[in-house]
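One structure below.
Order of the sequence lines fixes the chain letters, A, B, ..., with proteins taken first and strands second; residue numbering starts at 1 for each chain. Atom set for the values below is all heavy atoms of this structure, side chains included, hydrogens, waters and symmetry mates excluded.
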Amino acid sequence: MKVNNRFLLLSVLIFACFLLVACASQASDSETDKKKDSLVLAIGSEPTDGFDPTTGWGRYGSPLFQSTLLTLDRNFNVQPDLAVDYSVSEDGLEWTVKIRDDVKFSDGEPLTIEDVIFTFETAKNSQSVVDLQNLKKIEKLDAQTVKFVLERPQSTFLYTLTMLGIVPKHAYSENYRENPIGSGPYKLVQWDKGQQLIVEENPYYYGKKSPFKKLTFLFLSQDAAFLAAKAGQVDIVSVPPNLAKESISGMKLIALDSVDNRGIMLPFVKPGYDAEKGIEIGHEVTSDLAIRKALNICIDRDKLVEDVLEGFGTPAFSVADKLPWWNEETVFEDGDIEAAEQILMDAGWRKNADGIFEKDGEKASFTLVYPASDQTRQSLAIAFKQMAKEIGIEVNTEGKSWSEIEEVMHSTPVVMGWGSHDPIEIYHLYHSKYRGQGYSNANYYSNKKVDQYMDQAIHAITPEEANEYWKKAQWDGETGFSALGDAPWVWLVNLQHLYFVNEHLNIGEQKIQPHGHGWPITEFIADWTWEE
Amino acid sequence: MKNQYLSIDFDSTNYKRRILWKIIGLVCLFLLVALSGFWIGEEQIEANMGEKHLSPSLDHPFGTDWLGRDMFFRTLLGLHLSWKVGLFAAVISTVIALTLSLLSSINKFFDSLVTMLIDLFLSIPHLVALILIAFVLGGGVKGIVIGIAFTHWPSLTRVLRAEILQIKSSEYVHISKKLGKSRMWIIRHHYLPQLAPQLFVGFILLFPHAILHESAITFLGFGLSPEQPAIGIILSEAMKYLTMGMWWLVVFPGLSLFGMVVIFDALGNNLRKLLNPN
């Protein structure tokens, strides 16, 4: 009898449990009936430097909390945002910008011309990645108009206007990067460092409102993010190529083209010592144009995309593929082993007994360094090594930490990655005045003609005119910094940025994504919709 | 009385013989694994994109990774590296331990100095000291090897010091001293022969420690190039592919490491039984 009682009790308990579970699932069902107005995103790394545009936040993609004077639309045409109008003087030195008068920050205070001036002054003084050294002074013309006066003409100042989010003068302090207040579509609610970021719609936002009132960004490792997506806990997750082959029920894979490129930077000069900077520079083998050209031609970029990126990428031929300032002529037929060998033979290289090219006792051999923490770059380096071996160039690969790479990058080939929506990047990478300045032009490339074209591009007044010169700097029919000319780089691939997105969520058209996976995808969040 | 001793002796020779065979077997097994690294060339672990993500088969007993590299040979090379690091660390640690323990036998001052050193090193968690040393030396194989070599001596030193203290107080040492024998003579003729078994067993038992620490620290990276086949690196890379269900990248290298450590441990314990039945 007693046993029976116990049995009965147990079955009642079990039944109760079932009932509870059923109720719970019913409750969540009815919840989804309501219009979905919040999203959970696991789209990449946490910006450890915080959300201060004057020190670099938002330069890739959009600043989310702040808004910019101008923006670039999906086709990279300049559109007004905070500004209603802008003009450039004939000499390219004076930029006049007129702003809207109806904009409020997320704390309800109006955004005035003082805030714009304050932002640019703060950014100039911050000595950060936001380079405003060319900005001489800022003049307030009236309550709505400001004039930026430059030291020298700079056509890329336009892109600075599209990237620098405006910060409020009245609410800017040392802690601003942790408590950003701005005029962007969202405002920060909570930031649990290392875990998550919660943002809410900015009620004062003047632009098109997103249907999603609340966004939660989770900062998870790639594996954890993937598993969270599998468990149905996130609406968007970014994934590396190897996980993109998997499938997640209820989610679709979106692959976005990018200029997030990977390439190999080859030391351009003969071995030497830069006494001014105190660094060893140059490499005997890669300073030979024939070697650089042969490498460019022998690499089968389609195969790299297939093998290393699992097909999620595009071949790269320059630092700015498919952007308005890209020279389409720089694409060439690659994967051609015979042509590569011919170039080396013509330059006086001969194969030795091991099948490696030699010239004057120097073996065509070098070490290729990659950041040890980046598996994609490691794979690219190893695949590159094998392709180079096929034509008789010996490459040894070695993974190092970034601090170690900084010590050797002027004299050793390195697997690097770039890709910006601002052509100033080209200037930094290839202009001889940036030789040996940090990561810019670390391989000591220089060509007078190219310098000249790029200076003309910088001094151009309209973006169209500037783009012509950027293109000429790549290849003008005779010389240039592309693989057709001096070939100081072997560009390999552009990554595709991969996301699993909830089937109901439509994120619309995206721009060609810049370097930096994750944040840029939020740029057009106002156009995202939830479709049942 | 004499008989009793004899019978014990007789038993123990049998016992010793059994242990000896065990040891020989273990040594062979271990040599097979550790020395095979000398015959594995670059070609065998070369990337082969055509054979990515293969599960274990006859061609690739441990499967292949995301670059199509054969995991069997990579694992063997990893064990080989572990063995080399272990050997170096064990030799250095044993030498340090012996030197310090002999130093401690000189007088009270040196003894307390050595004891203090031992306490100092034992009070810092092993892995932390190891990481600090490796970091100071700039990482890489050099940093890791030296780091491991210079952190594994304290416990062995302590054992040897105790042993010397015991021998030092024995009568024949006193007599030798009274007869005017030099300190070196006493060390050579009294200390070293007595310490030899401890030294040898200590040397062997250092291996598993060193190997486990080597894989722990290579798991964390520490300046080793990721294509270098070290067990720790293989395991940390494999973590990224677990979600894809590529279990063989973790299981086989992990088991091999475990096997290697078990072999050494068994070897050391059997040696101890052989040399010091008490």
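Heavy-atom minimum distance, A:G399 versus B:S225: N-OG, 2.7 Å.
Looking at A:S221, there are no atoms closer than 4.5 Å to chain B (heavy atoms on both sides), in backbone or side chain. Only the backbone of A:E306 comes within less than 4.5 Å of a heavy atom in chain B; its side chain stays farther off. Proximity to chain A (any heavy atom under 4.5 Å) is restricted, for B:K52, to the side chain, taken from C-beta onward.
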Tell me which donor-acceptor pairs under 3.5 Å the side chains of residues 235-245 of chain A have, and how far apart each pair is, sequence neighbours excluded?
from: A:D235; atom 1: OD1; to: A:K36; atom 2: NZ; distance (Å): 3.3
from: A:D235; atom 1: OD2; to: A:K36; atom 2: NZ; distance (Å): 3.4
from: A:D235; atom 1: OD2; to: A:V40; atom 2: N; distance (Å): 2.9

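Residue A:R301 places its CZ atom among more than 12 non-hydrogen atoms of other residues, nucleotides or ligands, all under 6.0 Å distant. A:K252 NZ: more than 12 foreign heavy atoms inside a 6.0 Å radius.
A 4.5 Å side-chain heavy-atom check between A:E310 and B:W66 finds every atom pair outside the cut-off. No side-chain heavy atom of A:D223 sits less than 4.5 Å from a side-chain heavy atom of B:L242. The shortest distance between side-chain heavy atoms of B:R69 and A:I382 falls below 4.5 Å. Contact check for A:V308 versus B:M49: side-chain heavy atoms found under the 4.5 Å cut-off. Looking at heavy atoms from C-beta onward, B:E237 lies in side-chain contact with A:Q375 at the 4.5 angstrom threshold.
Atom CZ of residue A:F226 and atom CE of residue B:M244 lie 8.5 Å apart, to the nearest 0.5 angstrom. Between the CG atom of B:L67 and the CD atom of A:Q378 there is a distance of 6.5 Å, given to the nearest 0.5 Å. A distance of 9.5 Å separates CG of B:N48 from CG of A:D307, quoted to the nearest 0.5 Å.
Counting heavy-atom pairs closer than 4.5 Å to chain B, the top residue among A:K303, A:K385, A:E246 is A:E246.
Applying a 4.5 Å heavy-atom cutoff, none of the residues of residues 77-101 of chain B approach chain A.
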